[in-house]
Amino acid sequence: MFHEESIRLAERILQLAQARGAEDVAVHVVSNRARQVRFSNSSVDVVKTWIETLVEVQIALDRRVAVVSTTSPPEERSLEGFVERAFERLKRVPARDVYVPLPEGPFDYPVIQGTYDPRLEEAQEELVDAAKEGIDSGLAEGAERVAGVVRSYAGHECLLTSGGAEVCERFSRVNMEVRALVDDEATGHGVTCSRSLDGLDPRRAGSEAGRDAVLASKVVDLPAGRHNAAFWWSAMTTLLGVFGSMASGLRALMQMTPYVDKLGQRVGTELVTIVDDPLIDGGYASRSFDLEGLPTRRNVIIEGGVLKTLLHNRLTAAHFRVRSTANAGWVFPRPWFLTMSPGDRTEEEILEDLGRGVVVRNATYLRFQNYRTGDFSAVIRDGVFLVEGGEIKGEVRGLRLSENVLHLLSNVYAVGRETRQMTHWWAEFGPPVVTPVIAVRDVAFTAATA
Amino acid sequence: MELDSLLSLVDRAQEMARRYDATYFEVRAQLDVSDGLFMRNGVVEAFSLDSTSGISVRMLVNGGLGFASTNRPDSLSSMIEEAYKNALAASKVGKKVALSRESFGRAEFSSPYRADPMEVPVDEKVEYMKSIDSPAAERGIAARVLWLLSSRSVVHFVNSEGAEVKGDVRRVTLMVRLTHISGAGATQEFTQPGGSGGWEIVDGWRLDEKVAYLSDSMKERLEKGVPAPRGVKVDVIVGPQVAGLIAHESTGHPYEADRILGREAAQAGESFVKPYMLGQRIGSPAVTVIDDPTIPGSYGFYLYDHEGVRARPRALMREGLINEFLHNRETAAEMGVSSNAAARANRFDREPIVRMANTYIAPGDVSVEELIEGVSEGVYLKRFMEWNIDDRRYNQRYVGSEAYAIRGGRLAEPVLNPVLEVTTPAFYSSVDAVAKDLEFEAATCGKGDPGQGVPVWTGGPSVRLRGVGLGGT
């Protein structure tokens with residue numbers, strides 16, 4: 001059995017913790033073989049392998065909560081010492097004012113298909129080949145040089161809790177990002193990701209990156225100000241990550257989200273429906289359990305523009321007097337796999353509808369001036385195109401997205417019909433997503449004044 | 001993995017690595033342990049204890065670079081075989097990597113401490129955090145989030161060229177994030193002191209006074225703040241916190257040689273700085289920017305980097321001239337220079353890449369009051385919340401949190417969210433004076449793939465800019 005070693009390990013830790021009086025224990029074991037090929041200047045820089053096991057434990061003792069993680073699982077002596085150290089310290093932590101126990105089983109976990117491809121356990125050559133194909137595809141489109149990364153992960157994760165959860169699932173993932181450059185500033189970006197090797201499409205990622213880099217080499221002027229804008233898939237990976245992760249219940253308690261006190265209220269146009277859906281077969285971030293042992297479920301965060309729920313673990317749920325939404329990370333409730341419902345517009349129609357507007361291919365480095373109000377700015381890159389009459393006229397340089405979460409959501413006027421499963425190396429705010437392209441009215445862009 | 005058993009693996013791994021026909025190999029065992037306390041509004045939400053330990057090997061085979069790591073002692077031989085195979089695969093399709101020639105030997109370093117921060121009783125830490133939370137609570141600050149992190153990083157590094165370096169650094173940092181709400185208005189602040197050494201360093205932070213000050217300033221600006229000037233050219237003074245961030249973002253990062261050479265192009269990006277720009281003027285003679293890992297007690301402290309090279313201060317910008325880039329051995333070889341020991345890996349399973357340590361604008365010899373006296377109309381952008389910079393490190397934005405109008409050489413009313421959106425050359429060229437009030441903040445600098453957050457200090461004094469435009473939105 002693939003997970004026997006992990007379950008034995010989890011059982012040992014659970015017993016150790018319970019023997020010391022823990023009232024609640026959750027043990028999460030992840031065993032993973034990961035690989036990576038990094039390339040730049042159209043050449044491979046380094047090839048890497050990781051062989052690792054991670055153990056994470058949540059222990060509750062008299063309304064006190066500790067989260068313990070270690071990459072030191074196999075040695076009994078080390079494990080005992082680690083748990084003992086956690087207990088010594090935990091006894092001195094003041095009790096929480098709100099506490100509820102871990103969910104009690106039995107649990108019926110969803111079966112999600114298409115989440116494991118054994119070939120990704122040993123796929124070094126395939127990853128190197130993918131890197132070469134991505135590079136060649138970008139160059140074939142006219143890029144001067146191509147950079148990027150291919151990553152694979154394969155293994156299993158198990159969860160055992162004192163509430164009766166015992167669940168293991170295999171996983172595999174492979175993803176690739178390609179960035180093509182025509183000169184220092186004309187760049188394009190392509191992404192492909194999948195749970196299986198067959199789902200990786202290096203050619204498409206390389207070609208799209210190369211094409212956009214070439215398009216971006218023609219520079220046009222557009223002053224900073226408010227313009228209609230369409231956010232393409234990579235840009236949406238960052239933005240949808242923000243729209244979804246701001247629904248964390250702990251963020252609301254910390255006054256770190258513009259969704260505070262907005263449950264049941266309109267926060268976007270009717271076109272905006274955002275769902276955390278970890279149950280999609282073959283979904284890049286699909287999973288069957290949260291870290292408190294609950295079976296994951298589909299949570300509609302925003303439906304038709306109305307904020308329907310925050311995302312909770314058992315402790316934030318208790319603060320709000322609701323039930324957990326099965327989004328338990330160790331401390332922060334978090335979305336697993338954000339999806340935005342598609343609309344009815346083709347990409348060509350979205351360009352046509354823009355009038356004189358801006359297409360933003362990619363967004364990174366998003367920082368908040370005020371999480372509570374939702375004011376932020378982000379670096380936009382890899383194709384910031386002026387569109388007129390449905391055609392891309394060239395790239396606008398030096399613009400920055402300077403916006404507000406609620407303003408963006410409230411001005412979405414078109415949503416694309418094609419959705420893509422996406423990952424983003426810059427993932428400070430959110431998980432992988434399934435996203436369409438969206439178009440937004442009156443988006444604020446700023447630029448350097450000197 | 002316990003420390004003793006971890007370190008014992010280094011010799012075994014070294015022996016195994018020698019059996020392969022690699023032109024170079026290095027073995028690094030690393031243990032990173034930390035404990036954290038997460039407090040919200042005076043209540044401990046959770047306590048965390050994390051340990052990351054294991055061993056990695058990097059190999060050069062026919063110019064190909066391979067890396068592998070494991071935290072499982074029973075995978076040691078397969079890890080080394082993986083590194084070899086990876087290097088071989090890279091050599092067939094990759095660039096030919098070379099490493100700069102360096103002199104190596106045996107060395108040890110550590111951060112001196114009186115009270116081991118990992119052993120200080122948790123209740124003492126909680127009491128300290130409460131003493132920091134209280135001034136804000138007493139002033140009616142609605143949301144207070146504190147995260148105290150104590151850590152220890154132990155590294156044992158050897159390579160096939162005779163290096164053997166042992167490092168042992170303890171650190172403490174406390175992140176504070178405050179939200180004040182009044183009516184429909186909300187404003188936020190954060191601060192993060194930190195350093196290397198023992199628990200005793202928290203005494204020097206005087207953080208309770210700072211939190212009281214920040215709380216008062218937040219209340220004042222919600223009550224009395226006026227919109228910041230927009231679209232006008234004025235003189236701007238940036239405070240130490242802002243200046244430190246700018247030194248990090250627009251001097252430190254673009255001077256990282258791996259960015260300059262394109263190795264980070266797919267993610268963090270490249271740099272507007274090119275190798276031929278060494279010696280060129282980028283700022284006024286008033287500006288010197290240093291990156292120095294060797295500052296005792298600093299958050300980014302180390303004496304040898306993760307390639308075994310001895311650290312030294314690096315004058316990145318000297319009196320406005322581009323003076324030196326940050327190098328590891330790979331970039332140094334490519335540019336024909338020696339490494340200046342900027343190779344860092346944040347844990348055992350990350351390759352060492354070019355990183356900053358403690359980056360700061362060197363202080364001048366005037367007081368901040370004298371800077372203000374020299375401004376007839378302008379803005380004192382003392383602290384920030386929002387910032388970002390493009391991936392070439394050329395076009396950046398800093399939005400003030402605590403900020404004041406300056407009129408007739410004196411501070412006036414608070415102004416709300418002034419926006420400094422400026423290019424790197426424009427910023428440094430507009431500096432006419434630098435004060436002596438050098439301050440450091442701790443930060444975690446992110447870079448690389450997989451991402452590596454490394455501890456750094458950002459530092460600066462107050463800096464005066466002449467005639468820069470303030471932006472909007």
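Fair warning: this is a prediction, and the values are worked out from it, not measured in the lab. Throughout, protein chains are lettered first and strands after them, A, B, ... in sequence-line order, and every chain is numbered starting at 1.
Of the charged side-chain nitrogens involved, at least one lies within less than 4.0 Å of a carboxylate oxygen, so that Asp184(A) and Lys274(B) count as a salt-bridged pair. A salt bridge links Arg33(A) to Glu82(B): one of the charged nitrogens lies within less than 4.0 Å of a carboxylate oxygen. A salt bridge does not link Arg38(A) with Asp449(B): every distance from a Lys NZ or Arg NE/NH1/NH2 to an Asp or Glu carboxylate oxygen is 4.0 Å or more. Remark: Glu119(B) does not engage Arg85(A) in a salt bridge, criterion side-chain N to carboxylate O under 4.0 Å.
The aromatic rings of Trp387(B) and Tyr365(A) sit perpendicular, their planes meeting at an angle over 60°, well past the 30° parallel limit.
For the residue pair Glu421(B)/Thr449(A), the side-chain donor-acceptor check at 3.5 Å is not satisfied. Between the side chains of Thr70(B) and Glu52(A), not a single donor N or O lies within less than 3.5 Å of an accepting N or O. Between Asn86(B) and Thr49(A), the side chains place a donor N or O and an acceptor N or O closer than 3.5 Å (distance only, hydrogens not considered). When only modelled atom types and interatomic distance are considered, Thr71(A) and Arg347(B) share no side-chain donor-acceptor pair under 3.5 Å.
Interface remark: Val128(A) contributes side-chain atoms only to the contact with chain B (heavy atom separation under 4.5 Å). With a 4.5 angstrom heavy-atom cutoff, Arg177(B) touches chain A only via side-chain atoms. Heavy atoms of Thr423(B) lying under 4.5 Å from chain A belong to its backbone as well as its side chain. Heavy-atom distances place no part of Arg64(A) under 4.5 Å from chain B, backbone and side chain included. Contact of Tyr371(A) with chain B is made through backbone and side chain together, with heavy-atom distances under 4.5 Å. Arg263(B) touches chain A through backbone and side chain together, each having a heavy atom under 4.5 Å away. For a residue to count as touching a neighbouring chain, one of its non-hydrogen atoms must lie under 4.5 Å from one of that chain's; by this rule Ile181(B) touches chain A with the side chain only. Heavy atoms closer than 4.5 Å to chain A are found in the side chain of Val126(B), but not in its backbone. If you measure heavy-atom distances from Phe38(B) to chain A, the contacts under 4.5 Å come from the side chain alone. Heavy atoms closer than 4.5 Å to chain B are found in both the backbone and the side chain of Leu253(A). Using a 4.5 Å cut-off between heavy atoms, Glu264(B) contacts chain A through both its backbone and its side chain. For Leu250(A), the part lying near chain B is the side chain, with the backbone staying farther off; criterion is any non-hydrogen pair under 4.5 Å. Heavy-atom distances place no part of Tyr394(B) under 4.5 Å from chain A, backbone and side chain included. Only the side chain of Asp35(B) comes within contact range of chain A, with heavy atoms under 4.5 Å apart. With a 4.5 angstrom heavy-atom cutoff, Gln124(A) touches chain B only via side-chain atoms. With a 4.5 angstrom heavy-atom cutoff, Trp425(A) touches chain B only via side-chain atoms. Both the backbone and the side chain of Val46(A) come within less than 4.5 Å of a heavy atom in chain B. Using a 4.5 Å cut-off between heavy atoms, Leu261(B) contacts chain A through its backbone alone, with no side-chain atom that close.
When each of Asn41(B), Val468(B), Leu49(B), Asp123(B) is scored by its heavy-atom pairs under 4.5 Å with chain A, the top score falls to Leu49(B). When each of Glu185(A), Gln58(A), Glu125(A) is checked for heavy-atom pairs under 4.5 Å with chain B, Glu185(A) comes out on top. In terms of heavy-atom pairs under 4.5 angstrom with chain B, the leader among Arg145(A), Glu56(A), Arg400(A) is Arg400(A). When each of Glu88(A), Arg89(A), Arg35(A), Gln36(A) is scored by its heavy-atom pairs under 4.5 Å with chain B, the top score falls to Arg89(A). With chain B as the partner, the residue from Leu366(A), Thr364(A), Val149(A) showing the most heavy-atom pairs under 4.5 Å is Val149(A). The choice from Lys233(B), Met79(B), Lys85(B), Arg58(B) that makes the most heavy-atom pairs within less than 4.5 Å of chain A is Lys85(B). Residue with the most contacts toward chain B among His189(A), Glu177(A), Lys132(A), Arg151(A): Arg151(A) (heavy-atom pairs, distance under 4.5 Å). Interface remark: of the candidates Glu124(B), Arg392(B), Lys92(B), Arg392(B) forms the most heavy-atom pairs closer than 4.5 Å to chain A. With respect to chain A, the highest number of heavy-atom pairs below 4.5 Å among Ser429(B), Ala143(B), Ala265(B) belongs to Ala265(B). For the options Asp391(B), Val44(B), Val97(B), heavy-atom pairs under 4.5 Å to chain A are most numerous at Asp391(B). Between chain B and the residues Asp45(A), Val68(A), Val379(A), the most heavy-atom pairs under 4.5 angstrom are made by Asp45(A). Per-residue heavy-atom pair counts under 4.5 Å with chain A were compared for Gly64(B), Ala268(B), Gly451(B), and the maximum is reached by Ala268(B).
When every heavy atom of Arg372(A) is checked against every heavy atom of Ala186(B), the shortest pair comes out as CG-CB, 3.7 Å. Of all heavy-atom pairs spanning Asn395(B) and Gly398(A), the tightest one is ND2-O, 3.2 Å.
In terms of the side chain to side chain donor-acceptor pair (under 3.5 Å) criterion, residue partners of Glu84(A) (sequence neighbours excluded) are, by chain and number, Arg20(A).
To the nearest 0.5 Å, atom CD of residue Gln188(B) and atom CG of residue Asn370(A) are 4.5 Å apart. Atom-to-atom distance recorded for Asp375(A):CG and Asn417(B):CG is 7.0 Å, nearest 0.5 angstrom. Rounded to the nearest 0.5 Å, atoms CZ (Arg367(A)) and CZ (Arg397(B)) are 13.5 Å apart. Taking CD1 of Ile51(A) as the start and CG of Asp349(B) as the end, the distance is 11.5 Å to the nearest 0.5 Å. Distance check: Asp50(B) CG to Leu54(A) CG gives 9.0 Å after rounding to the nearest 0.5 Å.
Considering Asp129(A), Ile135(A), Val44(A), Val47(A) in turn, Val44(A) is the only one that fulfils the side-chain contact (heavy atoms from CB on, under 4.5 Å) rule with Val93(B).
Checked by atom type and distance alone, the side chain of Trp426(A) never pairs as donor or acceptor with a backbone atom of Gln267(B) at under 3.5 Å.
The stretch residues 90-98 of chain A places Arg92(A), Val93(A), Pro94(A), Arg96(A), Asp97(A) near chain B, each with some heavy atom under 4.5 Å from a heavy atom of that chain.
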Tell me, with the steps shown, if Ser377(A) and Glu386(B) meet side chain to side chain donor-acceptor pair (under 3.5 Å). CA-CA 8 Å; Ser377(A) 69; Glu386(B) 171 193 334; 2.4 Å; yes

Audit row: Glu5(A), Arg72(B), salt bridge (charged side-chain N to carboxylate O under 4.0 Å, His left out) steps and yes/no: CA-CA 13 Å; Glu5(A) 185 189 353; Arg72(B) 303 177 60 115; 2.9 Å; yes

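Two residues are said to be in side-chain contact when any heavy atoms from C-beta on lie closer than 4.5 Å; Pro450(B) and Trp50(A) meet this criterion.
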